[in-house]
Amino acid sequence: MIGYLARRAATALALVFLVLTVLFFLVRLAPGRPAAFYDNQLATADEQENLRRAFGLDQPIPIQYLHWLESTVTGNWGVSFSKHRPVIHVLAESLPQTLLLATTALFLQYLLGLVLGITSARRLGSLGDHLIRLLSLIVYSIPSFWLGLMALLLLSYRLPFFPGGGMNSVGAATMSPWGYALDLAHHLALPAGVLGIAAAAGVARHVRNDLADVLQEDYIRTARAKGVSEHAVVWVHGLKNAAASLTQLAGLALPFLLSGALVIEVVFSWPGMGRLTFDAITARDYPLILGATTLTALLVVGGSFLADVLLAVVDPRVRDA
Amino acid sequence: MKWCKDRSVAPFSTTALLVLAALGCRSDHPAGAARGEGGEPQQGGTAIIGASIDPGGLNPLLSETKFAREVHDLLFLRLLDEQADYSDHPPTFEPELAESHTWAEDGRSVEMRLRQDVVWSDGTPVTAEDVVWTHEAQIDPDVAWNWSQQKDGIERIEAQGPFTVVFHLREPHSASLADLNEGVILPKHVWGRLPFSEWRSQGDWFRENLVVDGPFRVADWRAGREIVLERNTDYYRQGFPRLDSVVFRFIPEKANQLEQLLSAQLDYAQSLRPEWVDRVVESERVRLIAYPTRHYAYIVWNGCKEPFSDPRLRRALTVAIDRESITEALYSDYATVAASPILSSVWAFNRDIEPLPYDATEARRILESLGWTDSDGDGVRDRNGERLSFKLSTNSDNRIRVDAITMAKTQLAQVGVEAELDLMEFGTLIDRNNDHDFDASLSAWAIDTSLDLRPIFHIESIGNGSNYGCYSNPEVDDLLDQARRARDPETLKRLLAGVQQRIHEEQPYTFLWEPMQIDGVANRLRDPSPNALSVFANLEEWWISPGSATR
């Protein structure tokens, strides 16, 4: 088990390093420069040189790479060009918001996905099964930004049930902790709901198919023949055996949620990593782009690693391999 | 001199509209006219304003965006307050931190007398030392201020006593006052404690050590969410600002800003699209404000290479594009067709110049006379085996520009010219323009009132500047050099009229449109008077109608 985990951890770290190295050169060699987006476009050669020097862009790219690597491993992940602050501080402000959005969405995704998937699998071929499959296919096919816009239009602008964006109301700083939490939940409901529902469609289809396969197995038939209740068949025997693939799916859910959050955060003005990354790319804030990507890569690879660990726990065949 | 490249011009109007709008911001739509104005100004209340991005930082010398500059102008004072009254004469300057300014007879120095009742928010008086030190910061290479070129004309600054500063100029010119007034004055006694070399990595330090002398101070700032400004009780203008606080909420999507304005979640939304005007006008709770911007859009022809180096060909291409119908289709009444690199709402605009009329017949005649004929009958003209076919570039994230070049492509095809659309990301577009690596490119400039056209049309700006199309005319270079040295407005106007005339004849640019900015304002918010220089030009005078609230 330990050997297996050590192998997986080493692979994960090597993968992160490889991804970030490739990304560094991609970002630095892409057209555009930070000053192209500044208010003053006609900066003189001297002004541009001062700026390049201040940003460290006057160094050869391999040297810049080494500096960046050093600051990433040992220090503050560089200084953001647009925020004039250590990247790690900027990320520390945004990450909790994205994690809040992503974990709430993940919870909704699995809750909804499991309920719908199980309902569908238990009544294969029924009207309900067809309906769930059709609906989940439709939702799965809709781009999340469109779903987000429609939710905003209907549930915030036409029917004033939810705020149109942001994370808190004006004056939230003066609210009581309970009032603040409620206000936050009110603002979180739409973005997390959209992100969760969009992802739940995939889970529902996966659970349905896996569970349908498992429920055809001989040992399930045996369990039923022995008089085990249908409830126990599905929840204890069926789902337990479908858990392996669901665990793998959970590992892959993080990249899906984080990439989905990028779009959803812009649509709902949610102040998380997605919006930060989007703005950083627009402004060619290289240290911030790389910092945000490093963090995302760590989260995704970490999530995948965690899924492997869980898989090893739930599936003895894996840990004994 | 301030020139900006605009990437999202929300451009717009008729000449009459521009003139009226220049006189004071107004609602141009009949249903939106002045609704909600009037009444006795009230103290108190909070205005909620939509903004697309976070200002990024609180040190004005490190800021890069227009919005950041506007926020900093609410926190810190300038020496003088430049007015947007430039339709008939150069802009005037009202006293701000400096209560008076006096030019020496030879025009080589100007003495500024500072108000003695202005204090930083920690109670320390604002003095001449702050002004001198701010200049040192502005020109320091480690600070790398994006506008330091404005200060090139200043030889030295000396403090004569605590409240008098004298600026000695190297070579005075008509825009000297605007140049030396560029940038807000900063607190030496606090910010002077941090070495310039550490400024660009210590954004948090400026936030923690913030003292201000402007109408507002920062009450709260949640990165990416909102910045809350509250009334600076130490502000020298008694009774201002009228509002208790202003909340800028960061909402990246413009459409969301509109919807939040209409659903009473915002009081002010900037840069609305022309197609949204009807929704604003139909609303009972909001009104429209439209006013001139500093922008004009253009197609630059790459004269660095054939065949665009020929002014006759450029003229043919200009008259082949129906700029009026394109502008009308994209902006309705909220833009005019541009004719010159100087906006038609600016005093130095050469009023003898009219946009070249759309004339496909004339375009065909010129092309024929230059030897461009469709010899192989494929619908595209050719000459000596070379087809008259080129790439027409713009940035793909700007729908208006993409629509414009799509229409231009169709119109050019009607005279036998093939334009292939070349859409790219904004940064790539700017890089290619700078590298002269394009055929024709649609972009926009935002200009200020000092009217220095050298960075765009002077021969010296081909390799080191923004003369993207390698435009070169010795007569224009000479006029531009003289214009930069001109001391009186009449001379400057005469010289710039000559420049505009030559450019009109040679069409290095096909000038497209001059847009207006359209903002939506909740009726409860009174007296906003944005102008081309700043949306928040008079924010300290805004007030809230009592008994009304946002959702």
Are the side chain of Glu259(B) and the backbone of Tyr157(A) linked by a donor-acceptor contact shorter than 3.5 Å? no
Between Gly224(B) and Arg275(A), which heavy-atom pair has the shortest distance, and what is it? O-NH2, 2.9 Å
Pick one of side chain, backbone, both or neither for Trp145(B), based on which atoms fall under 4.5 Å of a heavy atom in chain A. backbone
Proximal component of Asp54(B), with respect to chain A [non-hydrogen, under 4.5 Å]: side chain
Winner by heavy-atom pair count (cut-off under 4.5 Å) against chain A, out of Gly56(B), Pro55(B), Ala223(B): Gly56(B)
Might you confirm whether atom CZ of Phe278(A) has over 12 heavy atoms from other residues, nucleotides or ligands at distances under 6.0 Å? no
Sorted by chain and residue number, the salt bridge (charged side-chain N to carboxylate O under 4.0 Å, His left out) partners of Glu93(A) (sequence neighbours excluded) come out as Arg85(A)
For a side chain to side chain contact (heavy atoms under 4.5 Å, CB included) check, start with the C-alpha distance between Trp205(B) and His84(A), then their side-chain angles and the critical distance, and finish with the verdict. CA-CA 10 Å; Trp205(B) 188 90; His84(A) 324 120; over 6 Å; no
Looking only at Arg249(B), Arg222(B), Glu253(B), most heavy-atom pairs under 4.5 Å shared with chain A are made by Arg249(B)
Under 4.5 Å from any heavy atom of chain B - which part of Leu153(A): side chain
Does a donor on one side chain sit under 3.5 Å from an acceptor on the other, for His89(A) and Asp204(B)? yes
List the atom of Pro252(B), the atom of Ser269(A), and the distance in Å for their closest heavy-atom pair. CD-OG, 3.6 Å
Flag if over 12 foreign heavy atoms under 6.0 Å of CD, Glu460(B): no
Report the residues that fulfil salt bridge (charged side-chain N to carboxylate O under 4.0 Å, His left out) with Asp183(A), sequence neighbours left out, ordered by chain and then residue number. none
Under 4.5 Å to a heavy atom of chain A? For Gln202(B) that would be backbone
Main chain of Phe268(A), side chain of Asn256(B): is a donor-acceptor contact present, judged purely on distance under 3.5 Å? no
Flag the pair Pro86(A) / Ser201(B) as yes when at least one side-chain heavy-atom distance between them is below 4.5 Å, and no otherwise. no
Pairs of heavy atoms under 4.5 Å with chain B: top-ranked of Glu265(A), Met167(A), Gln97(A), Arg158(A): Met167(A)
Measure Ser169(A) against the heavy atoms of chain B and call it side chain, backbone, both or neither at under 4.5 Å. backbone
List the steps and the verdict of side chain to side chain contact (heavy atoms under 4.5 Å, CB included) for Val79(A) and Arg200(B). CA-CA 8 Å; Val79(A) 174; Arg200(B) 283 206 168 260; 6.0 Å; no
Mind listing the closest non-hydrogen atom pair of Pro141(B) and Arg53(A) along with its distance? CB-NH2, 3.5 Å
So with a 6.0 Å cut-off around CZ of Phe107(A), is the heavy-atom count from everything else above 12? no
Gln260(B) versus Gly164(A), closest heavy-atom pair with distance: NE2-O, 3.0 Å
Pairs of heavy atoms under 4.5 Å with chain B: top-ranked of Asp279(A), Val267(A), Asn168(A): Asn168(A)
